[in-house]
Student: 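Can you keep this structure in mind? I'll have questions shortly.
Numbers for residues simply follow the sequence, beginning at 1. Keep in mind that what you see is a predicted model, and the values were worked out from it rather than measured.
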Amino acid sequence: MAKATTGIKASDIKFSRYRFDVVVIGAGGAGLRAAVEARQAGLRVAIICKSLFGKAHTVMAEGGAAAAMGNVNENDGWKVHFRDTMRGGKFLNNWRMAELHAKESPDRIWELETWGALFDRTKDGRISQRNFGGHEYPRLAHVGDRTGLELIRTMQQKIVAMQQKDAKEHGDAEKYIKVFAELTITSILKDGNKVSGCYGYWRESGDEVLFESPAVVLATGGIGKSFKITSNSWEGTGDGHALALKAGSALVDMEFVQFHPTGMVWPPSVRGILVTESVRGDGGVLTNNKGERFMFNYIPEVFKDKYADNEAEADRWYKDQNNNRRPPELLPRDEVARAINAEVKAGRGSEHGGVYLDVSKRLPADEIKRRLPSMWHQFKELADVDITEQAMEVGPTCHYVMGGVKVEPDTAAAYGVPGLFAAGEVAGGMHGSNRLGGNSLSDLLVFGRRAGAGAAEYVKSLKGDSPEVSDKEIERAHDHINDPFTREGNENPYALQQELQNITQDLVGIIRTEAELKDALKKLESIRERSKNVKVEGGKVFNPGFHLAIDLENMLLVSESIARSALEREESRGGHTRDDYPKMDPEWRQFNHLTKWNGTKIEIEAERAKMLPDELLGLFEMDELKKYFTEKELAKGGK
């Protein structure tokens, strides 16, 4: 954004230089799985994490990993999982990604088990699976309510095991895999249109680092810190989304942001912290301040044949799923979040502006502590609420973005930039307009593996003729890092971030209107102009203001991408609700929005969505398809 330069030539810039075959930016589930795959292909891999190794947002996926193994209900299979994923995304999903995910998730879970993951078990010793919103059958492989933590622990141990093997065979544990913790990447470097590496700095010292590499995998997670109330940790500033945009790639469907229906609302210091969907999957019910199970009033027409409209049938479902419809508390997250929002706005909310979630009347205390140990501890320690005896207060919190880097499904190659790949939350397409709970962890594993394989195949195809890092690229990246110290101005990055978060929360949140979106864009443009005058005092060592000045640019790009895409889509679908266009429109299902950065502003381009092939269309009843597709589309079919 800023045009100031230091005027220093590359030969005078002090930086550390490393050369790898593949650089993975992000050390969550997707990044670590990509690194394992690239290493197994015989390549040298760098893993870069913005925070400490092991502290990834993956741990917030507490309830489980969705995979149609059929361990609890043998009727489950990849076709059922595919159907549920497409329904959850309101058929805007990239169907190929949804197909690959449904088919490959079981193998990725079984693979994790061979690497040491300790899943909960069924009585006959198989991996246990639990119910979750939007899933027809119990599908989530789980470790209590700490599944994401177990995934990260297992993947970390796999990395360490591979390093130990390299130490034994090659005399150097870091010969093929090296982890760089607490390092921020600020620029993707290119040679022509191809990736040549990336550039960043050590967070502790500010010292600059150059990574020469023909392949870069983005696995940076989400964008939650652009919103005031979020389950995301401080790292979630949309770094990968912004890096891809500035490198010349495109984002897809950024209007779709998931507000998880159940975050903590009290006390204020913990507002937004996630309350796992496992609570509802294990029988928790949502009630308003009148004690009413209000979700029966919010079942959309497209789901009425699958969800119970009375308490008796909903309660029977927990013991007999084949002959009863699901409880409406297990509707997809977008539906539940909107319902909670409506109850609070109507004056039927809880004392602190949420609703009540109660599992104490469904399960005995010992069973709650066994199944939901983290939730019991979280509420007891942070809110002095014993969930074995009392109801929790919960409300929507910004949790996940369905939009992300447009990728080729089979290889995870990023749109328009050879050598750039993306997997996990930073990649778009897989989840359509709304992600089902549990699909995130299996998404990380399926497409993390494919990104690692895609990057390895690309590097090998170069046959040693790798793109070169030019002095001009190094100077550009150096100037970007040092801009906050060389600018003339007195804007405070903390004040601008707070303004940005209030704008997105209030004007680009769960419910949107044309007037509010236009107001948001106008205010975001003002912040963008003012951000050019952000001045950081002091040096780079232990300077959080410096870090935020860098992150602020990313959050601005992401926020504008969301707002502009949301303004363009004149319908309500999944994680995008327009109060002025409250209905889902089949005409709009035919289009995805591409977000591009022209150097000065965000531009939105409509791209026609690809129709499902006939063999996948045939998995659905025609009456259901008519709710989502136009007659013309269905007449033409998937040919």
Side-chain angles (χ1 to χ4, degrees), residues 21-26 30-31 33-35 37-38 41 43 82 85-86 89 92-105 108 188 190 192-196 198 213-220 240-241 243-254 256 401-432 435 439-440 442-462 467 591-597 605-613 616 638:
D21 297 315
V22 178
V23 172
V24 179
I25 307 174
R33 188 61 188 83
E37 196 69 15
L43 302 186
F82 172 79
T85 298
M86 294 299 295
L92 200 67
N93 319 56
N94 181 307
W95 62 262
R96 177 59 176 164
M97 294 182 79
E99 178 189 23
L100 288 171
H101 172 257
K103 286 180 174 179
E104 296 180 8
S105 291
R108 300 286 73 79
I188 301 295
K190 295 169 66 178
N193 70 329
K194 295 181 179 179
V195 167
S196 60
C198 56
S213 175
V216 171
V217 178
L218 298 174
T220 52
H241 294 75
L243 286 170
L245 278 177
K246 291 184 289 184
S249 189
L251 310 181
V252 63
D253 294 336
M254 286 299 290
F256 298 111
V401 60
M402 279 67 73
V405 181
K406 179 177 169 61
V407 296
E408 198 285 318
D410 290 79
T411 64
Y415 171 94
V417 184
L420 188 64
F421 300 81
E425 188 172 355
V426 72
M430 156 66 198
H431 304 288
R435 176 178 67 79
N439 272 358
S440 58
S442 42
D443 170 13
L444 302 179
L445 297 170
V446 169
F447 293 104
R449 172 183 169 274
R450 284 188 167 272
E457 183 179 356
Y458 170 78
V459 171
K460 291 179 179 180
S461 74
L462 297 175
F591 297 97
N592 300 104
H593 282 143
L594 296 188
T595 301
K596 298 180 180 180
W597 171 247
E605 176 185 316
E607 180 182 66
R608 188 168 289 275
K610 291 184 179 179
M611 186 63 171
L612 280 72
L616 294 180

Student: Hey, does Leu444 have a side-chain heavy atom less than 4.5 Å from the side chain of Glu425?
Tutor: no

Student: Asp443 versus Ser105: any side-chain heavy-atom pair under 4.5 Å?
Tutor: no

Student: I'd like to know if the side chain of Thr85 pairs up with that of Asn439 as donor and acceptor (distance under 3.5 Å, no hydrogens or angles considered).
Tutor: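 A pair is found: one side chain offers a donor N or O, the other an acceptor, under 3.5 Å apart.
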
Student: Atom OH of Tyr458 and atom CG of Asp21: how far apart are they, to the nearest 0.5 Å?
Tutor: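 Separation between the atoms: 12.5 Å.
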
Student: So, for Val405 and Ala414, which heavy atoms are closest and what is the spacing to 0.1 Å?
Tutor: CG1-CB, 3.8 Å

Student: Is there a side-chain contact between Leu251 and Leu594 in this structure, where contact means two heavy atoms from C-beta onward sitting under 4.5 Å apart?
Tutor: no

Student: Checking Arg33 side chain against Arg449 main chain: does a donor-acceptor pair fall under 3.5 Å?
Tutor: no

Student: How many angstroms lie between atom NZ of Lys406 and atom OG1 of Thr595, to the nearest 0.5 angstrom?
Tutor: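 The OG1 atom of Thr595 is 12.0 Å from NZ of Lys406, to the nearest 0.5 Å.
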
Student: Can you tell if the side chain of Trp95 reaches within under 4.5 Å of the side chain of Pro613, non-hydrogen atoms only?
Tutor: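 Yes; the side chains approach each other to less than 4.5 Å.
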
Student: Considering non-hydrogen atoms only, spot the tightest contact between Val195 and Pro467 and give its length.
Tutor: O-CG, 3.3 Å

Student: When you measure from the side chain of Ser249 to the backbone of Ala244, do you find a donor-acceptor pair of N or O atoms at a distance under 3.5 Å?
Tutor: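 Pair absent, no side-chain N/O of Ser249 close to backbone of Ala244.
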
Student: Heavy-atom count check: over 12 atoms from other residues, nucleotides or ligands less than 6.0 Å from Lys246 NZ?
Tutor: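 For Lys246, atom NZ is crowded (more than 12 foreign heavy atoms under 6.0 Å).
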
Student: Determine yes or no for a side-chain-to-main-chain donor-acceptor pair under 3.5 angstrom, with Asn94 supplying the side chain and Met430 the backbone.
Tutor: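 A pair under 3.5 Å: no.
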
Student: State, without any angle test, whether Tyr415 and Lys596 hold a side-chain donor-acceptor pair at a distance under 3.5 Å.
Tutor: yes

Student: Are side-chain heavy atoms of Phe591 and Glu607 found at a separation under 4.5 Å?
Tutor: no

Student: Please give me the minimum heavy-atom distance between Ala455 and Ala215, naming the atom from each residue.
Tutor: CB-CB, 4.1 Å

Student: Search all heavy atoms of Phe82 against all heavy atoms of Leu612 and return the closest pair with its distance.
Tutor: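 In this case the closest contact between Phe82 and Leu612 is CZ-CD2, 4.0 Å.
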
Student: Yes or no on salt bridge (charged side-chain N to carboxylate O under 4.0 Å, His left out) for Arg450 and Glu104, after CA distance, side-chain angles and deciding distance?
Tutor: CA-CA 11 Å; Arg450 284 188 167 272; Glu104 296 180 8; 2.5 Å; yes

Student: Hey, what do you get for CE (Met254) to CG (Asn592), rounding to the nearest 0.5 Å?
Tutor: 13.5 Å

Student: Heavy-atom distance under 4.5 Å between the side chains of Arg96 and Leu100, does that happen here?
Tutor: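 Arg96 vs Leu100: side chains touch.
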
Student: Using a 4.5 Å cut-off on heavy atoms from C-beta on, say whether the side chain of Leu616 contacts that of Met86.
Tutor: no

Student: I'd like to know if the side chain of Glu605 reaches the main chain of His593, judged simply by a donor and an acceptor atom lying under 3.5 Å from each other, with no hydrogens or angles considered.
Tutor: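 Here the side-chain-to-backbone pair does not exist.
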
Student: Please assess Leu218 against His241 for the test side chain to side chain contact (heavy atoms under 4.5 Å, CB included), listing each intermediate value before the final yes or no.
Tutor: CA-CA 9 Å; Leu218 298 174; His241 294 75; over 6 Å; no

Student: Rounded to the nearest 0.5 Å, what's the gap from CG on Asp410 to CE on Met97? Could you check?
Tutor: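 The CG atom of Asp410 sits 10.0 Å away from the CE atom of Met97.
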
Student: How close do Ala41 and Ala456 get, counting heavy atoms only, and between which atoms?
Tutor: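 Nearest pair, atom of Ala41 first, then Ala456: CB-CB, 3.7 Å.
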
Student: So do Phe421 and Val216 actually touch side chain to side chain, heavy atoms under 4.5 Å?
Tutor: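 No; the side chains remain at least 4.5 Å from each other.
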
Student: What closest approach, in Å, do Ala412 and Val407 show between heavy atoms, and which atom pair accounts for it?
Tutor: O-CG1, 3.8 Å

Student: Are side-chain N/O atoms of His101 and Ser442 paired as donor and acceptor at under 3.5 Å?
Tutor: yes

Student: Rounded to the nearest 0.5 Å, what separation is found between the CG atom of Leu245 and the CD1 atom of Ile188?
Tutor: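 So the CG of Leu245 and the CD1 of Ile188 are separated by 11.5 Å.
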
Student: Supply the atom-to-atom distance Asn93 CG to Glu99 CD, rounded to the nearest 0.5 angstrom.
Tutor: 12.5 Å

Student: Should Val217 and Ile25 be marked as a side chain to side chain contact (heavy atoms under 4.5 Å, CB included) after you check the CA-CA gap, both sets of side-chain angles, and the distance that decides it?
Tutor: CA-CA 6 Å; Val217 178; Ile25 307 174; over 6 Å; no

